[in-house]
Structures are given as structure tokens and as C-alpha cells.
Amino acid sequence: MNEQSTIQRLINELSKLPGIGRKTAERLAFYLLKESDNVGRGLAEAILEVKQKVKFCSVCGNLTEGDPCGICCDPRRNRKIVCVVEEPKDIWAFEKLRTYNGVYHVLMGVISPLDGVGPEKLRIKELLKRIEASETEEIIIATDPNVEGDATALYLSKLIKPLDISVTRIASGLPVGGDLEYADSVTLSKALSGRRPL
Amino acid sequence: MFLESISLKNFRNYTDVNISFSHGTNLILGKNGAGKSNLLEAIYILSTSKSFRNAADNKIKRWGTYNYNVKGVFSSENGEYEIELSYVKDKKRLLINGAPEERISNILGFAYCVIFFFDDILLVAGPPKMRRSFLDLILSTIDPLYFEYLKNYLSAFKQKSRYLRDSSSIDYNLLKSWNEKLVDSGSYILHKRYSLVRFINSYIDKSVSEVFGFRYPFKVVYQTNVPRTNNEDSVEHIQSSFTEELEKNTDKEIRVSQCIIGPHRDDLVFTDEKHDVRTFGSIGEARLSSIILKCAQAEFYHQKKGIIPILLIDDILLELDKKNMEKVLILIYAESQKVITTTEVVKLPEIFLYDQMFNIDEKGNILCKGIRKPTQ
Ligand SMILES: Nc1ncnc2c1ncn2[C@@H]1O[C@H](COP(=O)(O)OP(=O)(O)OP(=O)(O)O)[C@@H](O)[C@H]1O
Ligand SMILES: [Mg+2]
Ligand SMILES: [Zn+2]
């Protein structure tokens, strides 16, 4: 492999990352070449390490180094309340509030036929099993407040309600069509306390 | 509402122009192809972010250039707004009073304009989608919630359509969930459309009949496959009727793999109680009906928002006979600001007065002729 194609390979790999186009990938590649060895090595090692060590929690789907994750293992958390979110990063948004004391369940996405995602591709079966096997009393559905997030919430409530468990949806105050990830803490905590039954 | 001034850079045939308008009637004079409609297009784009001729942005930027910029200053009782829309590197950007807006659709509800132009006849004679878009634009302009629900309805509709198309076996719980989202947004849409159509009919009954001196024979009928209820002021009634109809047609929708029920199929029909104007009306009648729809749009903005919109009139009055043209001129607000184009002053009826005339020459230079009123 000559220099040309080695650099090309790096640029190709970088441009596969979300939000990074060809131009930015080139800029990053030349930056890494110019800087001292430490910069590139540090980045490469961090990437390898994170892929090696960080896994999804087998209970809730959170990102974790140990399994189950810290939240699932914490005896102070209230296991009777499960907050259902789309992505592990949504857990971070709730944890920043420090007011939520229940546990989580990550769906790993949201129902969207246009993207080829049906219920079978999400961690819905796991959620139902979990409910059956534990003393869950309330499910709070915190999917994004857009059409797909709402439809997923409605679908889940149809599956869970017959199990005689209260299902609520956070909503109030969140911008319609918005993204949970970008909601500020005040809005999010209001939305959480103002949840309503589905 | 008044347009004080506008500046265009690389917009259609204009390289760089600034124009100040009179609060009364502004007459734009120029030969065919001089750029009269282009000027109205620039004003209108500040009202809706879109061209009334449905042109894509890369057709609008001046040939051989990459960006365009339109900036207008509007005034109303609520103060002055500067609206700036630019197209840079294949992307639109919106500034309101100098501050960037995240969504281009935020432009709605600032500059109220009503355009009268050649293609308006399609409101009567064209496909149903044109009529739905007409209602949607009016309602989105006065009500941001309508716009949100419209977007939601469209997303849910696309998702459900794909689900029906791609699934070999249907999960009724999931289908029901999409239906609930359709009902949620669709009922609000229906509720608002019903009330707009009621408004248009009462406008025809009162104002139009008054000006024409007899009971104007046309009315608009909203056609939908969601069964009408006897209480359309209540969104809940519409919701239950919509839900029921979706349930009744579930098997059919699954069989044909399509969304059948809902406002995405609706239409607006112009009738004289016996006939459909689309098939029985003369060109002049269809034209007049379409102008009346636009007048109703202006009156609706006035009633709901207390704002008299700016009327942009691109030549069309000339397809009417003289009597009807004069009636329309009476129907159109005396107090409203108007920007009207024509190729020749002699084509205008005698009752037509103007406060300011602009002459566009072959090179796209705009010469302001100052204030002049023709003697009657
Ligand atoms: N993107 C563009 N860049 C430069 N010139 C353009 C562009 N698009 C259209 N034109 C020019 O603008 C002219 C049309 O202008 P416009 O439609 O405003 O004419 P008009 O004065 O309304 O004429 P008419 O009386 O026939 O309606 C065309 O002749 C064309 O040459
Ligand atoms: Mg024209
Ligand atoms: Zn966990």
C-alpha cells in the first residue's frame, strides 16, 4: 500500500462517521498527520478500548463496562418504575436531572416502517419478559415527542396495559416534533413530572 | 400590513435593486418578459418562503450566479419587521429582524400577502391537491399548530402507507397506533378546514352577493370520506367519526395496501348547487370563482388576525369582462396595499387609480415615476 492509499483509507474511514463529509474527513486526516504521534495514537487507542470494554447492559441496554450496568445493580434504585427510552444517550439526559430514581429500558430505536424498523427489531420482547419476571408497577415511555416516538409509545401501551401495569407518557412542555436529546433539563424534568396516562 | 421596501440581489433577472413602495396602489409597468412577475415573486417569497410559480430555488437565482438574497421591510400596527431570505450554497437561510431562524417555515405569519395570478384558475379547474394546498397555506399562516399537525399527519400517513405496503402480516396493535396518530392530527386539520370553508361560504353569501347586487350563485363544498358530524366545532366529534371510519375500513385498507380514509384525499368543489363549475363553468366564471377564493383568503386574514394583507395582482383581472372586473376591484379592499402588474396602462378600467408607478425597462432597470393619479 503506498502513502496515497494509506491516507485515502483513513479519509474513507473518517468520512463514514455521522456528520463528517469528505472535506472534513480530509481536514482531520491531514491534521492527524501533521500533529505529534501522541494525538493519533491516543485517539486510536481510545477507540479500540471503548469497543473492547464498553458493552450493552443485558438487562436494560445501557452502555456499560460491567454487566449488568451500574444503574441496574444499584440497590437504591426503584425497580418498580421503568423508563423506556430510544437510545442509551437518552439515559444520560435523565441521569443529569438527578431526580429520577427508577430504572431504564433502552429500545435501541423507534418503530419506523420507512426505515425498515418494525417492533421485532427493537428490544420490546426483552421489555415484556422483564415486566413479567419482576415487580414492575409503572412504565414511563420517554420516546421522542414526534410521530414515530408517539406511535411507538401507543403500541407499547397496547401491549403492556393488559398486564395490569400503569403506562404513562412524558409529554408536556417538550417541543412537538422535537428530540429528547436536545431538551434542556428544566423542560425534561417538567415533562417527567407532568407525565400522563396513555 | 404594508411593504415599505424590498431589495433583491441576483434574484431572477435582477442583479441588485432597491424599491420603496407606496402604501396605496403600486402599478408595475413593463413589456412581456421585463420582470414584472419576478418582482411579485420576490415579495411573495418573503411571505411563504416559496415561489407562487412553484419554482425551485436554483431556477430563481440569477442565471450564472450561485446565491440570491431578498430583503423586505414590512410594517403593521405591531411594528416593523425586516425579513431576509437568502439562498446560499444550495441552502435557504432566514433572518427575521437580523436574527437567524432555525426553521424556514417560521417565516409564516409575518408578512401577510395574497397573490392573484394566472394559475389561480387551477384552484377551480386543477387537481384536488391544489385546493388542499390552498386551504393548508391559509391555515398554516394564521395557526402554527395547524402547520405542526399537518407535518405530523404527513409523517404518520407516509409511515402507515409504507407499513401497509411492506408487511406480509399486519399487527393490528401497530396499525391502530398509526391510526391514532392520523386521527390525532387529521381531526384538527378537518376541524380547521371545515371552519375555513364555512367562512368562505358566508363571505360569498354576504360580501360577494352585496357587491354583485344579487345572491351570488356559487358555493364551496368540502368533500371528505370522513363522515361529517352534526357538531363540527368539536374536535372530539370529528375524532370519533374518523376513528370509526378507519376501523370500518381496516380490512379494505389492508387488502389494497393503501391509506384510504383521511383528509389526504379531500377536495373542495365549487358548485351552483346543481352543477360543478369545473365541468360546466365558462373560463370567465371559473376565473371569477378563483378570484373570489383569493378575496376570501384576504378577508379571512383580516377577520382572524386583524391584518389587511398586501395584495399582489399579476395581470389576471384582464381575463374578466369589464363589468366583472369593476366588481372585483370593489370587492378588493380599498385600504389594502396593492402591487399590480400590467403591460399597458390603457388596458385598465377607468375606475382604476394608482399612487405610484414603476416602469421596468428591457434591462431590468426599475424607474419610479413618482405619485400620479389618472383623471377619471
Ligand atoms: N433565473 C433567472 N435569471 C435571469 N433571468 C431570468 C431568470 N428566470 C427568468 N428570467 C428572465 O425573466 C423573464 C421573465 O420575467 P417575468 O416572468 O417577470 O416577465 P413579466 O414581466 O411578468 O412578463 P409577462 O408580461 O410576459 O408576464 C424571462 O424573460 C427570463 O429571461
Ligand atoms: Mg408575468
Ligand atoms: Zn442496565
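Here is how names work: the chains are called A, B, and so on, in the same order as the sequence lines, proteins then strands, and each is numbered from 1.
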How long is the straight-line distance from [atom2] of [Y] back to [atom1] of [X], given to the nearest 0.5 Å?
X        : Y        : atom1 : atom2 : value
B:Lys160 : A:Leu114 : NZ    : CG    : 14.0 Å
B:Trp178 : A:Asp150 : CH2   : CG    : 9.5 Å
A:Lys158 : B:Ser177 : NZ    : OG    : 4.5 Å

Legend entry - Atom group of A:Leu159 that falls short of 4.5 Å from chain B, counting heavy atoms: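 The answer is the side chain of A:Leu159.
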Legend entry - Part of residues 168-176 of chain B lying next to chain A, heavy-atom separation under 4.5 Å: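 The residues closer than 4.5 Å to chain A, in numerical order, are B:Asp171, B:Asn173, B:Leu174, B:Lys176.
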Inset, instruction - Write out, in numerical order, the residues from residues 180-192 of chain B with a heavy atom short of 4.5 Å from a heavy atom in chain A. - result: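 When heavy atoms of chain A are the reference, residues 180-192 of chain B contributes B:Glu180, B:Lys181 within the under-4.5 Å range.
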For [X], is the [atom1] atom crowded, meaning more than 12 foreign heavy atoms sit under 6.0 Å from it?
X        : atom1 : answer
B:Arg93  : CZ    : no
B:Tyr194 : OH    : yes
A:Asp164 : CG    : no
A:Glu135 : CD    : yes
B:Lys158 : NZ    : no

Legend entry - For the student: nearest non-hydrogen atoms of B:Arg162 and A:Pro113, plus distance: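 For B:Arg162 versus A:Pro113, the nearest heavy atoms are CG-O, 3.6 Å.
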Inset, instruction - Verify whether one side chain among A:Ser112 and B:Gln159 offers a donor that lies under 3.5 Å from an acceptor in the other. - result: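 The criterion, which ignores hydrogens and geometry beyond distance, is satisfied for B:Gln159 and A:Ser112.
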